Protein chains: 2
Amino acid sequence: MLDPVSRVRRFNRAVTSAVGALDTSFLGRGRPLGAARVLNAIGHGRSDVAEIRDYLGLDSGLMSRLLRSLEDEGLVETEAHQDDGRRRVATLTRTGRREFAAYEALSNAQAEGFLAQHSQAEALLAAMDLIASTLTRQRIALVEMEPRSNEARYCLGEYYAELGRRFKQGFDVSLSRDPDAKDMRRPRGSFIVAMSDTLPIGCVGLKGTDHGYAEIKRLWVAPAARGLRLGRRLMDAAEDAARKLGIALLRLDTNSALAEAGQLYRSTGWHEIPRFNDDPYPDLFFEKRL
Amino acid sequence: MLDPVSRVRRFNRAVTSAVGALDTSFLGRGRPLGAARVLNAIGHGRSDVAEIRDYLGLDSGLMSRLLRSLEDEGLVETEAHQDDGRRRVATLTRTGRREFAAYEALSNAQAEGFLAQHSQAEALLAAMDLIASTLTRQRIALVEMEPRSNEARYCLGEYYAELGRRFKQGFDVSLSRDPDAKDMRRPRGSFIVAMSDTLPIGCVGLKGTDHGYAEIKRLWVAPAARGLRLGRRLMDAAEDAARKLGIALLRLDTNSALAEAGQLYRSTGWHEIPRFNDDPYPDLFFEKRL
DNA sequence: CACGATACCTGACTAAAGTCAGGCATCATG
DNA sequence: CATGATGCCTGACTTTAGTCAGGTATCGTG
């Protein structure tokens, strides 16, 4: 009764029998599912028709008809794309925005209702994050981002908080060598964020220096995304970025308290070198030639 | 981007867009979803036509047609109910059982594949258990069971294992006063298991004594079911059982390391009393008059 | 500016799911 | 044993989703 497979299948049963209950917000407003999905996709900022079609996995003919029906309802308007007259762009009308808001309210109410069932909401949320990340694993996108963007700053904040928890002496950014944003921006470096849907779940920085090498900084993977080998993917992406920038030598520093990171480095071609900076936190130093 | 509601909604999106992927076993054998669901319901032991209809939420006309199509395929046979000629009972033919086994194999393979995606399967499973329990919360059944049943023994095993982890000195059943099974069986006592679907997720024992009171023993809630206020439900059920057996006074012993249990007792009408036994593990003793 | 590629649209079709009214045995009850 | 209720079945219908083969306007390229 308790082998892993039957546990997974129990979860599947629970979820499939509850998908209705999980998110019936697409129903309940007298509109077929397909049309509701398109309306909500537009409401969430997807305007390009091809993009919506792709996101929802719809046939081009079907997509066309769904758009027409939303237009007939007066919820959506389409116009030609600015740069390319073949492409079409859909936007919500005023009525459409109202209708979208109604869907959002329904969906939020439902989510709150679900959370209220449980007295330890944080544990429930963590479990949901973990499963969502696993399910959408194929769709985790590594995106180069401005190091001062909201997403990047969120990741860094979580990263610092985690160091604070894991280092015996805590962690104070101001004591560490906080990399300058411009060193993690082209052409000197790069900053890459792993996005699952709209949620940042990991990051890595490539920091240019003037000493003939670049440094890997701020490698972080959200707790809910651990086990998906995302750290490795982020490192690969950082190395790719370095190659593209013509960087031949990489260095990084880390702390032996972060065991899984050290293990990752060792297993991917990095080798330990002597200390190469005076940052107080790291006690392990690595190098890799590309 | 990180408020609880949007995390729940992210989970919903991930799950709904993956339900297909979660369990496509219903597809892939060249049979429409409806027919496959009926076949699998019968395979899982639901034979009464009305029961299947109810379980799957089908219209009686549609159900009839689906059954006919399965009969035409030679997978299912129906006959009149023994006691009521109006009702019909469906059973799988030999071919039907083979086909059902194929669906089961697909479903198992898919579950295994999903687990393989993740390098920390245990964390993933724990998260799935937690969510499945929350989703099926309304359907958690408290069932009086034989204390030597598989379900009861599984719960007790988990309970002892948890005590071993939480007591500094560990836990050895043989040193504790292990209640005799016959004391937790009518008419002297009771043993109640909380079942979610087919999974035991909690238990409590009511142990009769010859000293004018009964004891509450072995209150346990699976980690995946914590936060659902199941401990309270189990205690209520145990007290109900005691009342029905004419027991007017309850006692229990516990350990201060189990803080949440102590809190539960204090908040539900129990009050602390002096030690009433010489068991080495407990250090807190409670009594409640019914 | 010819030409193939691209983005979207339309018409014609199918499959699946579901609804509804009515019909026929069978059952429980007075 | 007449009568209404129950359980299932059948026929006729609708809605939704989806497929596929063209068709038209626009784009990028030589």
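None of the values given here were measured: they were computed from a predicted structure.
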Asker: Please list, in numerical order, the residues of residues 44-66 of chain B that have a heavy atom closer than 4.0 Å to any atom of DNA chain C.
Answerer: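 DNA chain C contact set from residues 44-66 of chain B: B:L58, B:D59, B:L62, B:R65.
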Asker: Within the 4.0 Å limit for protein heavy atoms, which parts of nucleotides 24-30 of chain D are touched? Write it as a string from 5' to 3', B for base, S for sugar-phosphate only, - for none.
Answerer: --BS---
Asker: Salt bridge check, A:E71 against A:R65: does any charged N sit closer than 4.0 Å to a carboxylate O?
Answerer: no
Asker: With a 4.0 Å cut-off, would you call A:R188 and A:D183 a salt bridge?
Answerer: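 Salt bridge between A:R188 and A:D183, a charged N being under 4.0 Å from a carboxylate O: yes.
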Asker: I need the A:L62 CG to A:L66 CG distance, nearest 0.5 Å.
Answerer: 4.5 Å
Asker: OP1 or OP2 of D:dT6 sitting under 4.0 Å from any side-chain N/O of B:R87?
Answerer: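 No, no such contact exists.
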Asker: For A:D236 and A:R233, run salt bridge (charged side-chain N to carboxylate O under 4.0 Å, His left out): C-alpha distance rounded to whole Å, both residues' side-chain angles, the deciding distance at 0.1 Å, then the answer.
Answerer: CA-CA 5 Å; A:D236 288 348; A:R233 271 185 72 189; over 6 Å; no
Asker: Rounded to whole angstrom units, what separation is found between the CG atom of A:L33 and the C1' atom of D:dT15?
Answerer: 13 Å
Asker: Any heavy-atom pair between the side chains of B:R68 and B:T78 that's under 4.5 Å?
Answerer: yes
Asker: Hey, are B:R88 and B:E79 close enough for a salt bridge, meaning a charged N less than 4.0 Å from a carboxylate O?
Answerer: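 Between B:E79 and B:R88 there is no salt bridge, as every charged N stays at least 4.0 Å from the carboxylate O atoms.
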Asker: What salt bridge (charged side-chain N to carboxylate O under 4.0 Å, His left out) pairs are there with at least one residue in residues 110-130 of chain A, not counting sequence neighbours?
Answerer: A:E122-B:R7, A:D129-B:R7, A:D129-B:R10
Asker: Answer yes when B:R186 and B:E146 have at least one side-chain N-carboxylate O distance shorter than 4.0 Å, and no when they do not.
Answerer: no
